Amino acid sequence: MDAATQQQMSEIKPFIRVGHHYQFPYERNEFEYGRFGYCYAFHLVDGGKGSITINGQVYPLQRGDLIFLPPQLMHSFYTDHDHRLATYNLYFELWNEKPRSTEHHLYWHPDDLLPELLTALQENTVLDSMPHLFHLQHHTILMDLFPHIVKQHQQQRVHGDTIAHSLLKAFMLEFIQIAGESWHSDYRMKAIMHRIDKEAHAGSNYTSWLAQSGLQKTRFHSLFKQTAGLSPKAYWSRAVMKQAAAALWESNRSITAIAEDLGYASIHHFTKQFTAYFGVSPSQYRKRKM
């Protein structure tokens with residue numbers, strides 16, 4: 001990225017107009033055609049199956065796909081009947097001096113456009129050349145950061161919006177950085193990552209992962225880190241902690257029972273690792289949902 005381009009990106013001022021999680025109803029498929037945005041938008045696919053059509057081109061979607069849409073670009077989302085498409089969504093300004101006092105972010109026909117709701121636009125070499133669809137699956141930090149930005153915006157806590165706006169700028173700068181580089185997602189590593197996510201509770205099994213890859217240890221470690229952004233052990237630890245956090249929030253089971261489910265022989269060891277990862281104990285983390 002040359003100096004002029006860097007300067008362009010340093011000048012963006014993201015202000016979130018709307019941020020939410022949304023599951024597309026199948027019944028709306030027939031009404032999806034001809035959707036336009038008043039402002040810039042990112043959509044991160046959280047689950048389900050479906051597709052997006054942009055200017056007549058169809059893009060199949062899967063979990064971890066990131067969609068970037070500039071204002072006034074016609075697009076349509078379509079969801080599978082049995083596996084409803086779900087996305088985290090951010091609609092935002094980039095060149096305003098302050099946030100817009102409106103939550104209107106979509107219109108459904110060119111004749112419905114209200115010019116006063118349209119975001120400010122500027123020519124930008126990077127944004128104007130960005131792909132509409134980017135596979136974010138092997139950039140785990142960004143995949144975790146995006147929902148966090150949405151939640152910060154939604155919570156309406158003190159400084160929440162300021163944090164969300166700042167994190168969105170950081171997200172965009174890092175995303176643009178990696179989008180401009182040559183990244184290779186090795187299919188063998190993606191399969192092992194999926195296995196770790198699914199079987200994290202069964203314990204770390206480096207020898208089995210290495211055997212599944214069919215590679216020498218050094219090459220396996222290098223490819224895994226290139227694909228996941230973390231070493232195999234760090235990725236597994238992260239998967240365990242994510243399962244622990246989900247269990248604390250989604251169930252009323254005791255912390256001891258959750259620790260046992262995740263393969264810990266001692267609740268003290270589990271508490272120590274959880275606290276080191278999240279900065280709070282399991283019991284303190286659970287109280288946050290109250």
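Quick caveat, the model's predicted, so the values are computed rather than measured.
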Participant: May I have all residue pairs that pass side-chain hydrogen bond (donor to acceptor under 3.5 Å, both in side chains) and include part of residues 54-64, sequence neighbours excluded?
Facilitator: Gln57-Tyr59
Participant: To the nearest 0.5 Å, what is the distance between CG on Asn29 and CD on Glu27?
Facilitator: 8.5 Å
Participant: Identify the heavy atoms of Ser76 and Gly34 that sit nearest to each other, and give their distance.
Facilitator: OG-N, 3.4 Å
Participant: Sequence neighbours left out, what passes ring-ring contact (aromatic ring centres under 6.0 Å, His included) with Tyr264? Give chain and number order.
Facilitator: His269, Phe270
Participant: Among all residues two or more places apart in sequence or in another chain, which pass the ring-ring contact (aromatic ring centres under 6.0 Å, His included) test with Phe31?
Facilitator: none
Participant: Please determine whether ring pair (Phe, Tyr, Trp, His ring centres under 6.0 Å) holds for the pair Tyr285 and Phe274, giving the CA-CA distance in whole Å, both sets of side-chain angles, and the decisive distance to 0.1 Å.
Facilitator: CA-CA 10 Å; Tyr285 187 90; Phe274 189 96; 5.4 Å; yes
Participant: Would the distance check show the side chain of Thr275 and the main-chain N or O of Lys272 forming a donor-acceptor pair, the cut-off being under 3.5 Å?
Facilitator: no
Participant: Going by the rule salt bridge (charged side-chain N to carboxylate O under 4.0 Å, His left out), which residues pair with Lys242 if we only count those two or more places apart in sequence or in a different chain?
Facilitator: Asp144
Participant: Determine the minimum heavy-atom distance between Arg195 and Ser208, stating which atoms define it.
Facilitator: NH2-OG, 2.6 Å
Participant: Side chains of Trp209 and Met189, heavy atoms from C-beta outward: is any pair under 4.5 Å?
Facilitator: no
Participant: Of all residues at least two apart in sequence or in a different chain, which pass the salt bridge (charged side-chain N to carboxylate O under 4.0 Å, His left out) check with Glu32?
Facilitator: Arg35
Participant: Please determine whether side-chain contact (heavy atoms from CB on, under 4.5 Å) holds for the pair Leu73 and His132, giving the CA-CA distance in whole Å, both sets of side-chain angles, and the decisive distance to 0.1 Å.
Facilitator: CA-CA 10 Å; Leu73 179 66; His132 295 307; 3.4 Å; yes
Participant: With a 6.0 Å cut-off (strictly less than), is the heavy-atom count around CG of Leu121, excluding the residue itself, greater than 12?
Facilitator: yes
Participant: Holding to salt bridge (charged side-chain N to carboxylate O under 4.0 Å, His left out), I want the full list of residues that pass it with Arg28, two or more places apart in sequence or in another chain.
Facilitator: none
Participant: Ignoring hydrogens and angles, tell me if any N or O in the side chain of Trp95 forms a donor-acceptor pair with the backbone of Lys13 under 3.5 Å.
Facilitator: no
Participant: What are the two closest non-hydrogen atoms of Pro60 and Leu133, and how far apart are they?
Facilitator: O-CD2, 4.2 Å
Participant: ring-ring contact (aromatic ring centres under 6.0 Å, His included) with Tyr277: which residues, sequence neighbours excluded?
Facilitator: none
Participant: Phe146 versus Phe42: any side-chain heavy-atom pair under 4.5 Å?
Facilitator: yes
Participant: Could you give all pairs that pass the side-chain hydrogen bond (donor to acceptor under 3.5 Å, both in side chains) test and reach residues 96-108, with sequence neighbours left out?
Facilitator: none
Participant: Answer yes or no: does atom CZ of Phe278 have more than 12 heavy-atom neighbours from other residues, nucleotides or ligands under 6.0 Å?
Facilitator: yes
Participant: How about NE2 on His20, more than 12 heavy atoms from neighbouring residues, nucleotides or ligands closer than 6.0 Å, or not?
Facilitator: yes
Participant: Is the backbone N or O of Pro147 less than 3.5 Å from a side-chain atom of Gln152, with the two atoms forming a donor-acceptor pair by type?
Facilitator: no
Participant: How long is the straight-line distance from OH of Tyr40 back to CG of Leu94, given to the nearest 0.5 Å?
Facilitator: 5.5 Å
Participant: Under the rule for salt bridge (charged side-chain N to carboxylate O under 4.0 Å, His left out), what residues qualify as partners of Glu11, not counting sequence neighbours?
Facilitator: none
Participant: Under 3.5 Å, sequence neighbours excluded: what are the donor-acceptor pairs made by side chains of residues 165-172?
Facilitator:
{"unit_1": "His165", "atom_1": "ND1", "unit_2": "Ile16", "atom_2": "N", "d": "3.1"}
{"unit_1": "Ser166", "atom_1": "OG", "unit_2": "Thr162", "atom_2": "O", "d": "2.9"}
{"unit_1": "Lys169", "atom_1": "NZ", "unit_2": "Ser10", "atom_2": "O", "d": "2.7"}
{"unit_1": "Lys169", "atom_1": "NZ", "unit_2": "Ile12", "atom_2": "O", "d": "3.2"}

Participant: Measuring only between side-chain heavy atoms, which start at C-beta, is Phe175 closer than 4.5 Å to Leu66?
Facilitator: yes
Participant: How close do Thr140 and Ala228 get, counting heavy atoms only, and between which atoms?
Facilitator: OG1-O, 3.2 Å
Participant: Is the number of heavy atoms from other residues, nucleotides or ligands under 6.0 Å of Tyr206 OH greater than 12?
Facilitator: yes
Participant: Taking side-chain hydrogen bond (donor to acceptor under 3.5 Å, both in side chains) as the test, write out the residues that go with Gln72, two or more places apart.
Facilitator: none
Participant: Check Gly19 against His153 and note the closest heavy-atom contact, atom names and distance.
Facilitator: N-CD2, 3.5 Å
Participant: Excluding sequence neighbours, so at least two apart, what forms ring-ring contact (aromatic ring centres under 6.0 Å, His included) with His21?
Facilitator: Tyr88
Participant: Counting only N and O atoms by type, is there a donor-acceptor contact under 3.5 Å from the side chain of Thr79 to the main-chain atoms of Leu85?
Facilitator: yes
Participant: Can you confirm whether Tyr33 sits close enough to Met74 that some side-chain heavy atom of one is under 4.5 Å from a side-chain heavy atom of the other?
Facilitator: yes
